[in-house]
Amino acid sequence: MKSKWGRTGRKRKRKGPSGTKSYAANRSHEWQYIQLQRWLKGRGFQGRHLRAAEFADTGRGLMATRDLKPGELIIALPETCLITTETVLQSYLGKYIRLWRPHVSPLLALCTFLIAERFAGERSQWKPYLDVIPSTYSCPVYWELEIVHLLPAPLRQKALEQKTEVQELHTESLAFFNSLQPLFCDNVADIYTYDALRWAWCTVNTRTVYMKHTQQDRLLAQQDVCALAPYLDLLNHSPEVQVEAEFSKDRRCYEIRTNSGCRKHDQAFICYGPHDNQRLLLEYGFVAANNPHRSVYVTKDAILAHLSPGDKQMPKKWALLKEHDFLVNLTFGLEGPSWKLLTAVKLLCLRPEEFTSWKKVILGSFISDANEQDSRELVRKICFRLLDETSCALKGISLVRSKKISDADAAVHLALVEALRLEEKKILHISANLLQNEPSAGPTGAAGSCSFTEQK
(Lines give C-alpha, C1' and ligand atoms only; values in the text may rest on other atoms or scores of the structure.)
Protein backbone atom coordinates (compact mmCIF):
# COMPACT_ATOMS: atom_id res chain seq x y z
CA MET A 1 0.00 0.00 0.00
CA LYS A 2 1.27 3.43 -0.88
CA SER A 3 2.26 5.63 2.04
CA LYS A 4 -0.07 8.53 2.59
CA TRP A 5 1.94 10.67 4.95
CA GLY A 6 5.52 9.43 4.63
CA ARG A 7 8.20 11.67 6.06
CA THR A 8 6.03 14.62 6.88
CA GLY A 9 3.07 13.04 8.63
CA ARG A 10 4.79 11.44 11.55
CA LYS A 11 4.81 12.09 15.26
CA ARG A 12 8.32 12.67 16.59
CA LYS A 13 8.89 11.67 20.24
CA ARG A 14 12.53 11.00 20.97
CA LYS A 15 15.78 10.46 19.21
CA GLY A 16 19.29 9.62 20.30
CA PRO A 17 22.62 10.34 18.67
CA SER A 18 22.98 6.79 17.43
CA GLY A 19 19.38 5.94 16.69
CA THR A 20 16.13 5.23 18.44
CA LYS A 21 15.32 2.34 20.77
CA SER A 22 11.62 2.27 19.87
CA TYR A 23 10.03 -0.84 18.44
CA ALA A 24 10.62 -1.25 14.72
CA ALA A 25 8.51 -3.33 12.34
CA ASN A 26 10.35 -4.52 9.26
CA ARG A 27 8.72 -3.27 6.05
CA SER A 28 11.34 -4.39 3.55
CA HIS A 29 9.27 -7.50 2.72
CA GLU A 30 6.36 -5.36 1.48
CA TRP A 31 5.81 -5.37 -2.27
CA GLN A 32 6.51 -1.67 -2.85
CA TYR A 33 9.88 -1.88 -1.08
CA ILE A 34 10.81 -5.11 -2.85
CA GLN A 35 10.08 -3.40 -6.15
CA LEU A 36 12.07 -0.32 -5.12
CA GLN A 37 15.08 -2.43 -4.11
CA ARG A 38 14.98 -4.33 -7.40
CA TRP A 39 14.73 -1.11 -9.34
CA LEU A 40 17.62 0.45 -7.43
CA LYS A 41 19.74 -2.67 -7.88
CA GLY A 42 19.13 -2.49 -11.62
CA ARG A 43 20.60 1.02 -11.53
CA GLY A 44 23.70 -0.03 -9.62
CA PHE A 45 22.70 0.53 -5.99
CA GLN A 46 24.21 -2.03 -3.61
CA GLY A 47 22.83 -0.92 -0.24
CA ARG A 48 22.78 -3.79 2.26
CA HIS A 49 23.08 -2.21 5.68
CA LEU A 50 19.77 -0.34 5.89
CA ARG A 51 16.24 -1.63 5.51
CA ALA A 52 12.81 0.03 5.46
CA ALA A 53 11.00 -0.21 8.79
CA GLU A 54 8.14 1.35 10.73
CA PHE A 55 9.14 2.97 14.01
CA ALA A 56 6.77 3.71 16.86
CA ASP A 57 7.99 7.28 17.33
CA THR A 58 8.79 8.50 13.80
CA GLY A 59 6.86 6.25 11.45
CA ARG A 60 8.63 5.06 8.33
CA GLY A 61 12.42 5.16 8.31
CA LEU A 62 15.55 3.10 7.71
CA MET A 63 16.84 0.56 10.23
CA ALA A 64 20.46 -0.58 10.49
CA THR A 65 20.91 -4.32 9.84
CA ARG A 66 24.28 -4.29 11.62
CA ASP A 67 26.34 -1.94 13.78
CA LEU A 68 27.43 1.11 11.78
CA LYS A 69 30.68 2.65 12.97
CA PRO A 70 31.44 6.39 13.08
CA GLY A 71 32.94 7.43 9.76
CA GLU A 72 31.31 4.56 7.87
CA LEU A 73 29.63 5.04 4.50
CA ILE A 74 25.98 4.06 4.94
CA ILE A 75 24.56 4.95 1.51
CA ALA A 76 26.15 5.42 -1.89
CA LEU A 77 23.36 6.15 -4.38
CA PRO A 78 24.46 6.05 -8.04
CA GLU A 79 23.84 9.11 -10.18
CA THR A 80 21.52 7.03 -12.37
CA CYS A 81 19.09 6.82 -9.43
CA LEU A 82 18.84 10.59 -8.93
CA ILE A 83 16.25 12.92 -10.43
CA THR A 84 17.85 16.25 -11.33
CA THR A 85 17.19 19.00 -13.85
CA GLU A 86 19.52 17.13 -16.20
CA THR A 87 17.18 14.13 -15.90
CA VAL A 88 14.27 16.37 -16.87
CA LEU A 89 16.06 18.03 -19.79
CA GLN A 90 17.05 14.66 -21.22
CA SER A 91 13.44 13.44 -21.03
CA TYR A 92 10.47 13.98 -23.35
CA LEU A 93 9.95 17.34 -21.56
CA GLY A 94 13.37 18.64 -22.60
CA LYS A 95 12.49 20.26 -25.91
CA TYR A 96 9.44 21.99 -24.47
CA ILE A 97 11.45 23.42 -21.59
CA ARG A 98 14.23 24.60 -23.90
CA LEU A 99 11.79 26.40 -26.19
CA TRP A 100 9.73 28.09 -23.49
CA ARG A 101 10.13 31.78 -22.72
CA PRO A 102 10.63 33.06 -20.13
CA HIS A 103 12.89 30.20 -19.07
CA VAL A 104 11.54 27.56 -16.70
CA SER A 105 12.99 27.53 -13.19
CA PRO A 106 14.75 24.42 -11.83
CA LEU A 107 11.93 24.03 -9.29
CA LEU A 108 9.21 24.13 -11.93
CA ALA A 109 11.15 21.73 -14.16
CA LEU A 110 11.33 19.15 -11.36
CA CYS A 111 7.68 19.64 -10.43
CA THR A 112 6.55 19.30 -14.05
CA PHE A 113 8.49 16.05 -14.41
CA LEU A 114 7.10 14.56 -11.19
CA ILE A 115 3.51 15.33 -12.20
CA ALA A 116 3.99 13.85 -15.66
CA GLU A 117 5.64 10.70 -14.35
CA ARG A 118 2.99 10.16 -11.70
CA PHE A 119 0.31 10.57 -14.36
CA ALA A 120 2.09 8.00 -16.55
CA GLY A 121 1.53 5.36 -13.88
CA GLU A 122 2.66 1.91 -15.04
CA ARG A 123 4.42 3.44 -18.05
CA SER A 124 6.81 5.48 -15.88
CA GLN A 125 10.32 4.12 -15.44
CA TRP A 126 10.31 5.89 -12.06
CA LYS A 127 7.18 4.11 -10.84
CA PRO A 128 8.92 2.05 -8.08
CA TYR A 129 10.15 5.30 -6.57
CA LEU A 130 6.90 7.21 -7.07
CA ASP A 131 5.02 4.42 -5.30
CA VAL A 132 6.81 5.11 -2.01
CA ILE A 133 6.53 8.91 -2.20
CA PRO A 134 3.73 10.22 0.07
CA SER A 135 0.46 11.00 -1.70
CA THR A 136 -0.05 14.04 0.53
CA TYR A 137 1.96 16.10 3.01
CA SER A 138 1.46 17.69 6.41
CA CYS A 139 3.24 20.97 5.61
CA PRO A 140 1.11 24.08 6.31
CA VAL A 141 0.63 24.61 2.57
CA TYR A 142 -1.88 21.73 2.85
CA TRP A 143 -3.71 23.16 5.85
CA GLU A 144 -7.05 24.89 6.03
CA LEU A 145 -6.77 28.59 6.88
CA GLU A 146 -8.64 28.05 10.13
CA ILE A 147 -5.77 25.85 11.33
CA VAL A 148 -3.03 28.04 9.89
CA HIS A 149 -4.34 30.93 12.01
CA LEU A 150 -3.65 28.90 15.15
CA LEU A 151 0.10 29.03 14.50
CA PRO A 152 2.43 31.50 16.28
CA ALA A 153 2.44 34.86 14.47
CA PRO A 154 5.86 34.59 12.76
CA LEU A 155 5.16 31.07 11.48
CA ARG A 156 1.60 31.96 10.55
CA GLN A 157 2.87 34.73 8.28
CA LYS A 158 5.39 32.42 6.62
CA ALA A 159 2.77 29.70 6.14
CA LEU A 160 0.42 32.15 4.44
CA GLU A 161 3.27 33.32 2.22
CA GLN A 162 4.03 29.69 1.37
CA LYS A 163 0.43 29.09 0.33
CA THR A 164 0.50 32.20 -1.83
CA GLU A 165 3.81 31.17 -3.39
CA VAL A 166 2.48 27.80 -4.54
CA GLN A 167 -0.78 29.29 -5.78
CA GLU A 168 1.06 31.95 -7.78
CA LEU A 169 3.47 29.38 -9.20
CA HIS A 170 0.53 27.39 -10.52
CA THR A 171 -1.22 30.43 -11.97
CA GLU A 172 1.95 31.75 -13.62
CA SER A 173 2.77 28.31 -15.05
CA LEU A 174 -0.57 27.59 -16.72
CA ALA A 175 0.58 28.79 -20.14
CA PHE A 176 3.68 26.59 -19.93
CA PHE A 177 1.59 23.59 -18.86
CA ASN A 178 -0.73 24.18 -21.83
CA SER A 179 2.28 24.03 -24.18
CA LEU A 180 2.75 20.40 -23.08
CA GLN A 181 -0.62 19.31 -24.51
CA PRO A 182 0.99 17.41 -27.48
CA LEU A 183 2.48 14.99 -24.94
CA PHE A 184 -0.87 13.92 -23.49
CA CYS A 185 -4.16 12.51 -24.73
CA ASP A 186 -5.92 13.90 -21.66
CA ASN A 187 -6.47 17.60 -21.16
CA VAL A 188 -3.39 19.08 -19.45
CA ALA A 189 -5.71 21.20 -17.31
CA ASP A 190 -6.84 17.96 -15.68
CA ILE A 191 -3.24 16.81 -15.15
CA TYR A 192 -1.43 19.95 -14.02
CA THR A 193 -3.93 21.00 -11.41
CA TYR A 194 -3.17 23.10 -8.35
CA ASP A 195 -3.37 19.98 -6.17
CA ALA A 196 -0.87 18.18 -8.43
CA LEU A 197 1.56 21.08 -8.33
CA ARG A 198 1.22 21.41 -4.56
CA TRP A 199 2.08 17.72 -4.20
CA ALA A 200 5.09 18.04 -6.51
CA TRP A 201 6.24 21.27 -4.83
CA CYS A 202 6.15 19.61 -1.40
CA THR A 203 7.93 16.53 -2.76
CA VAL A 204 10.78 18.71 -4.01
CA ASN A 205 10.79 20.89 -0.90
CA THR A 206 10.80 18.05 1.64
CA ARG A 207 12.66 15.21 -0.08
CA THR A 208 15.51 16.64 -2.12
CA VAL A 209 19.19 16.63 -1.17
CA TYR A 210 21.67 19.43 -1.79
CA MET A 211 23.66 18.84 -4.96
CA LYS A 212 25.32 21.49 -7.09
CA HIS A 213 24.71 21.22 -10.82
CA THR A 214 26.19 22.89 -13.86
CA GLN A 215 23.91 25.82 -14.64
CA GLN A 216 21.60 24.83 -17.46
CA ASP A 217 21.40 27.43 -20.23
CA ARG A 218 17.72 26.71 -20.75
CA LEU A 219 16.70 27.25 -17.14
CA LEU A 220 16.31 30.46 -15.22
CA ALA A 221 19.42 31.83 -13.55
CA GLN A 222 18.35 30.46 -10.18
CA GLN A 223 20.16 28.12 -7.84
CA ASP A 224 20.05 24.61 -9.27
CA VAL A 225 21.06 22.60 -6.21
CA CYS A 226 18.34 19.99 -5.73
CA ALA A 227 18.22 16.27 -6.45
CA LEU A 228 15.59 13.69 -5.58
CA ALA A 229 17.33 10.67 -4.07
CA PRO A 230 15.23 7.48 -3.93
CA TYR A 231 15.64 5.35 -0.79
CA LEU A 232 18.07 7.85 0.73
CA ASP A 233 15.08 10.13 1.31
CA LEU A 234 13.62 7.55 3.70
CA LEU A 235 16.22 8.65 6.27
CA ASN A 236 14.59 10.72 9.01
CA HIS A 237 15.92 13.80 10.77
CA SER A 238 17.52 13.94 14.19
CA PRO A 239 19.11 17.18 15.44
CA GLU A 240 21.58 15.15 17.49
CA VAL A 241 23.33 13.13 14.79
CA GLN A 242 26.21 14.18 12.58
CA VAL A 243 26.62 13.05 9.00
CA GLU A 244 28.59 14.01 5.92
CA ALA A 245 26.56 14.19 2.73
CA GLU A 246 27.86 15.02 -0.73
CA PHE A 247 27.94 13.93 -4.34
CA SER A 248 31.22 12.21 -5.19
CA LYS A 249 32.32 13.32 -8.65
CA ASP A 250 34.88 10.50 -8.73
CA ARG A 251 32.47 7.68 -7.90
CA ARG A 252 29.41 9.42 -9.41
CA CYS A 253 27.37 8.62 -6.30
CA TYR A 254 25.55 10.62 -3.68
CA GLU A 255 27.09 9.47 -0.43
CA ILE A 256 26.03 9.62 3.22
CA ARG A 257 28.66 8.96 5.86
CA THR A 258 27.71 8.72 9.54
CA ASN A 259 29.88 10.49 12.09
CA SER A 260 27.72 9.29 14.99
CA GLY A 261 27.44 5.60 14.25
CA CYS A 262 24.32 3.50 14.73
CA ARG A 263 23.61 0.25 16.57
CA LYS A 264 22.09 -2.79 14.89
CA HIS A 265 18.27 -2.61 14.68
CA ASP A 266 18.27 1.09 15.61
CA GLN A 267 16.99 3.74 13.27
CA ALA A 268 19.64 5.49 11.19
CA PHE A 269 19.21 9.25 10.96
CA ILE A 270 20.55 12.22 9.08
CA CYS A 271 20.41 15.87 10.14
CA TYR A 272 18.64 18.42 7.95
CA GLY A 273 20.44 21.22 9.77
CA PRO A 274 20.22 23.11 13.10
CA HIS A 275 16.56 23.99 12.58
CA ASP A 276 14.05 24.98 15.24
CA ASN A 277 10.61 23.38 15.18
CA GLN A 278 8.94 26.31 13.44
CA ARG A 279 11.31 25.81 10.50
CA LEU A 280 10.87 22.03 10.56
CA LEU A 281 7.10 22.34 10.55
CA LEU A 282 7.03 24.91 7.76
CA GLU A 283 9.48 23.15 5.45
CA TYR A 284 9.06 19.46 6.33
CA GLY A 285 5.74 19.11 8.13
CA PHE A 286 6.81 17.74 11.52
CA VAL A 287 7.80 18.81 15.01
CA ALA A 288 10.85 17.18 16.62
CA ALA A 289 10.45 16.44 20.33
CA ASN A 290 13.32 17.54 22.56
CA ASN A 291 14.75 19.65 19.76
CA PRO A 292 17.79 21.46 21.23
CA HIS A 293 17.14 24.36 18.82
CA ARG A 294 13.55 24.99 19.94
CA SER A 295 12.63 28.57 20.71
CA VAL A 296 9.82 31.12 20.73
CA TYR A 297 10.13 34.09 18.38
CA VAL A 298 9.29 37.64 19.40
CA THR A 299 7.86 39.93 16.73
CA LYS A 300 8.17 43.67 16.46
CA ASP A 301 4.43 43.97 17.13
CA ALA A 302 4.76 42.06 20.39
CA ILE A 303 7.37 44.59 21.55
CA LEU A 304 5.52 47.65 20.24
CA ALA A 305 2.43 46.73 22.27
CA HIS A 306 4.33 47.66 25.46
CA LEU A 307 6.33 50.72 24.36
CA SER A 308 5.42 54.30 25.11
CA PRO A 309 3.97 56.01 22.00
CA GLY A 310 5.38 59.31 23.25
CA ASP A 311 9.05 58.37 22.84
CA LYS A 312 10.24 60.72 20.08
CA GLN A 313 13.49 58.77 19.70
CA MET A 314 11.69 55.49 18.97
CA PRO A 315 11.94 55.70 15.12
CA LYS A 316 15.70 56.20 15.42
CA LYS A 317 15.97 53.31 17.86
CA TRP A 318 14.19 50.94 15.48
CA ALA A 319 16.39 52.14 12.63
CA LEU A 320 19.52 51.40 14.68
CA LEU A 321 18.28 47.93 15.55
CA LYS A 322 17.56 47.20 11.89
CA GLU A 323 20.94 48.57 10.81
CA HIS A 324 22.76 46.28 13.25
CA ASP A 325 20.59 43.21 12.56
CA PHE A 326 18.77 43.21 15.89
CA LEU A 327 15.24 42.82 14.52
CA VAL A 328 15.49 39.12 13.61
CA ASN A 329 15.86 36.01 15.75
CA LEU A 330 14.67 37.67 18.93
CA THR A 331 13.71 34.67 21.02
CA PHE A 332 12.90 33.01 24.32
CA GLY A 333 14.58 29.66 24.90
CA LEU A 334 14.99 27.07 27.61
CA GLU A 335 17.53 29.34 29.25
CA GLY A 336 15.25 32.37 29.15
CA PRO A 337 15.30 35.42 26.88
CA SER A 338 18.12 35.42 24.37
CA TRP A 339 20.99 37.90 24.57
CA LYS A 340 19.84 39.39 21.29
CA LEU A 341 16.33 40.01 22.63
CA LEU A 342 17.65 41.54 25.85
CA THR A 343 20.03 43.78 23.91
CA ALA A 344 17.32 44.99 21.54
CA VAL A 345 15.00 45.77 24.45
CA LYS A 346 17.76 47.60 26.35
CA LEU A 347 18.29 49.90 23.40
CA LEU A 348 14.55 50.53 23.09
CA CYS A 349 14.39 51.34 26.82
CA LEU A 350 17.14 53.96 26.75
CA ARG A 351 15.93 57.16 28.36
CA PRO A 352 16.46 60.46 26.50
CA GLU A 353 19.56 61.35 28.48
CA GLU A 354 21.00 57.85 27.81
CA PHE A 355 20.38 57.68 24.06
CA THR A 356 23.93 58.68 23.11
CA SER A 357 25.10 55.43 24.76
CA TRP A 358 23.32 53.21 22.20
CA LYS A 359 26.64 51.87 20.84
CA LYS A 360 27.55 50.61 24.29
CA VAL A 361 24.25 48.70 24.39
CA ILE A 362 25.03 47.00 21.07
CA LEU A 363 28.42 45.98 22.48
CA GLY A 364 26.79 44.55 25.61
CA SER A 365 27.89 47.19 28.09
CA PHE A 366 26.00 48.18 31.22
CA ILE A 367 24.24 51.54 30.96
CA SER A 368 22.36 52.13 34.21
CA ASP A 369 20.28 50.44 36.87
CA ALA A 370 17.22 52.21 35.47
CA ASN A 371 17.85 50.80 31.99
CA GLU A 372 18.32 47.30 33.38
CA GLN A 373 15.08 47.54 35.33
CA ASP A 374 13.06 49.01 32.43
CA SER A 375 14.30 46.44 29.94
CA ARG A 376 13.71 43.49 32.28
CA GLU A 377 10.18 44.70 32.94
CA LEU A 378 9.52 45.03 29.20
CA VAL A 379 10.81 41.51 28.54
CA ARG A 380 8.60 40.21 31.35
CA LYS A 381 5.52 41.86 29.83
CA ILE A 382 6.33 40.41 26.40
CA CYS A 383 6.71 36.95 27.92
CA PHE A 384 3.34 37.15 29.70
CA ARG A 385 1.68 38.42 26.53
CA LEU A 386 3.02 35.48 24.52
CA LEU A 387 1.90 33.08 27.25
CA ASP A 388 -1.60 34.50 27.04
CA GLU A 389 -1.62 34.17 23.24
CA THR A 390 -0.43 30.57 23.53
CA SER A 391 -3.21 29.70 25.98
CA CYS A 392 -5.74 31.23 23.61
CA ALA A 393 -4.32 29.21 20.72
CA LEU A 394 -4.58 25.96 22.70
CA LYS A 395 -8.24 26.72 23.43
CA GLY A 396 -8.72 27.44 19.74
CA ILE A 397 -7.19 24.08 18.85
CA SER A 398 -9.66 22.28 21.11
CA LEU A 399 -12.56 24.18 19.58
CA VAL A 400 -11.55 23.42 15.99
CA ARG A 401 -10.87 19.77 16.88
CA SER A 402 -14.39 19.41 18.27
CA LYS A 403 -15.79 20.63 14.93
CA LYS A 404 -13.61 18.34 12.81
CA ILE A 405 -13.85 15.03 14.67
CA SER A 406 -14.15 12.97 11.47
CA ASP A 407 -11.51 14.88 9.45
CA ALA A 408 -8.34 12.76 9.58
CA ASP A 409 -6.16 15.33 7.81
CA ALA A 410 -7.28 18.12 10.14
CA ALA A 411 -6.52 15.87 13.13
CA VAL A 412 -2.91 15.49 11.96
CA HIS A 413 -2.53 19.22 11.34
CA LEU A 414 -4.07 20.18 14.67
CA ALA A 415 -1.80 17.73 16.50
CA LEU A 416 1.22 19.44 14.95
CA VAL A 417 0.04 22.91 15.97
CA GLU A 418 -0.72 21.63 19.44
CA ALA A 419 2.75 20.08 19.80
CA LEU A 420 4.33 23.37 18.75
CA ARG A 421 2.14 25.44 21.06
CA LEU A 422 2.73 23.15 24.05
CA GLU A 423 6.46 23.41 23.45
CA GLU A 424 6.10 27.19 23.27
CA LYS A 425 4.14 27.20 26.54
CA LYS A 426 6.88 25.21 28.29
CA ILE A 427 9.62 27.58 27.07
CA LEU A 428 7.67 30.68 28.10
CA HIS A 429 6.90 29.27 31.55
CA ILE A 430 10.61 28.63 32.08
CA SER A 431 11.42 32.17 30.96
CA ALA A 432 8.67 33.61 33.18
CA ASN A 433 10.03 31.77 36.21
CA LEU A 434 13.54 33.02 35.49
CA LEU A 435 12.28 36.57 35.10
CA GLN A 436 10.39 36.35 38.40
CA ASN A 437 13.77 36.56 40.13
CA GLU A 438 13.75 40.23 39.15
CA PRO A 439 11.39 42.79 40.73
CA SER A 440 8.05 42.14 39.07
CA ALA A 441 4.93 44.14 38.41
CA GLY A 442 3.05 40.93 37.60
CA PRO A 443 1.59 39.74 34.34
CA THR A 444 0.53 43.15 33.09
CA GLY A 445 0.05 43.95 29.45
CA ALA A 446 -1.38 40.53 28.56
CA ALA A 447 -2.92 40.04 25.16
CA GLY A 448 -6.49 40.10 26.45
CA SER A 449 -9.36 38.05 25.05
CA CYS A 450 -8.69 35.18 22.68
CA SER A 451 -9.19 35.81 18.99
CA PHE A 452 -7.80 32.63 17.43
CA THR A 453 -11.15 30.84 17.42
CA GLU A 454 -12.71 33.54 15.27
CA GLN A 455 -10.24 33.25 12.41
CA LYS A 456 -11.45 31.62 9.21
Side-chain angles (χ1 to χ4, degrees), residues 4-11 107 111 115 134-174 189 192-206 275-287 296-302 305 385-425 447-456:
K4 180 180 180 183
W5 293 106
R7 170 183 294 175
T8 61
R10 294 185 295 259
K11 184 178 180 182
L107 170 62
C111 288
I115 295 169
S135 59
T136 189
Y137 291 90
S138 53
C139 303
V141 71
Y142 268 86
W143 297 7
E144 296 178 18
L145 286 176
E146 186 176 22
I147 299 177
V148 171
H149 282 294
L150 295 168
L151 290 167
L155 181 56
R156 179 168 66 245
Q157 181 61 35
K158 291 178 181 177
L160 292 172
E161 291 171 357
Q162 189 182 74
K163 279 179 165 288
T164 300
E165 177 186 349
V166 178
Q167 184 64 64
E168 289 180 349
L169 178 63
H170 182 256
T171 301
E172 294 167 358
S173 303
L174 288 175
Y192 287 93
T193 62
Y194 168 74
D195 285 343
L197 181 66
R198 180 176 59 175
W199 167 81
W201 186 91
C202 283
T203 298
V204 173
N205 199 52
T206 65
H275 302 322
D276 60 61
N277 277 334
Q278 291 201 21
R279 172 79 179 274
L280 290 175
L281 180 55
L282 179 70
E283 301 293 344
Y284 301 102
F286 70 86
V287 172
V296 177
Y297 287 86
V298 178
T299 64
K300 182 178 179 179
D301 287 342
R385 177 187 179 88
L386 293 177
L387 266 173
D388 187 77
E389 290 178 356
T390 300
S391 297
C392 287
L394 288 168
K395 292 177 183 177
I397 291 167
S398 297
L399 180 62
V400 175
R401 182 178 283 136
S402 68
K403 295 189 299 182
K404 298 181 179 293
I405 296 176
S406 60
D407 189 332
D409 290 350
V412 171
H413 304 160
L414 286 167
L416 289 168
V417 184
E418 186 175 49
L420 191 68
R421 285 295 194 172
L422 288 172
E423 173 188 89
E424 185 178 73
K425 184 178 180 180
S449 61
C450 300
S451 60
F452 294 96
T453 58
E454 301 171 0
Q455 299 286 354
K456 300 296 180 185

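Nothing fancy with the numbering, it's 1 onward along the sequence. Only a predicted model underlies this, so the values are computations on that prediction, with no experimental measurement involved.
Atoms CD and CG, from E144 and D407 in turn, are 6.0 Å apart once rounded to the nearest 0.5 Å. Rounding to the nearest 0.5 Å gives a distance of 11.0 Å between CG of L145 and CG of L150. Rounding to the nearest 0.5 Å places NZ of K404 at 10.5 Å from CG of D409. With rounding to the nearest 0.5 Å, the separation of CG in L197 from OG1 in T203 is 10.5 Å. The CZ atom of F286 sits 9.5 Å away from the SG atom of C139 when rounded to the nearest 0.5 Å. Atom-to-atom distance recorded for L282:CG and L151:CG is 9.0 Å, nearest 0.5 angstrom.
Applying the ring pair (Phe, Tyr, Trp, His ring centres under 6.0 Å) criterion to W201, with sequence neighbours excluded, gives no partner residue. Judged as a side-chain contact (heavy atoms from CB on, under 4.5 Å), and not counting sequence neighbours, the contacts of D195 are T193, R198. For Q278, there are no side chain to side chain donor-acceptor pair (under 3.5 Å) partners two or more places apart in sequence or in a different chain. Residues forming a side chain to side chain donor-acceptor pair (under 3.5 Å) with Q162 (at least two apart in sequence, or on another chain): none. Looking at residues two or more places apart in sequence or on another chain, you find no side chain to side chain donor-acceptor pair (under 3.5 Å) involving Q167. Residues that satisfy the side-chain contact (heavy atoms from CB on, under 4.5 Å) test with S398, not counting sequence neighbours, are absent from this structure.
Taking the six-membered ring where tryptophan is involved, the planes of Y137 and Y142 are tilted, since the angle between them lies from 30° to 60°.
Within 6.0 Å of atom NZ in K158, 12 or fewer heavy atoms from other residues, nucleotides or ligands are found, so the atom counts as exposed in its surroundings.
D276 and Y297 share a donor-acceptor pair across their side chains, judged by distance under 3.5 Å alone.
A pairwise comparison of heavy atoms in H170 and Y194 identifies NE2-N, 3.2 Å as the closest pair.
Contact of the N277 side chain with the L280 side chain is registered, since non-hydrogen atoms from C-beta on lie closer than 4.5 Å. You'll find the side chain of K163 reaches within 4.5 Å of the side chain of V148, heavy atoms only. No side-chain heavy atom of V296 sits less than 4.5 Å from a side-chain heavy atom of P152.
The residues E418 and R421 are annotated as not salt-bridged, no charged nitrogen and carboxylate oxygen being separated by less than 4.0 angstrom.
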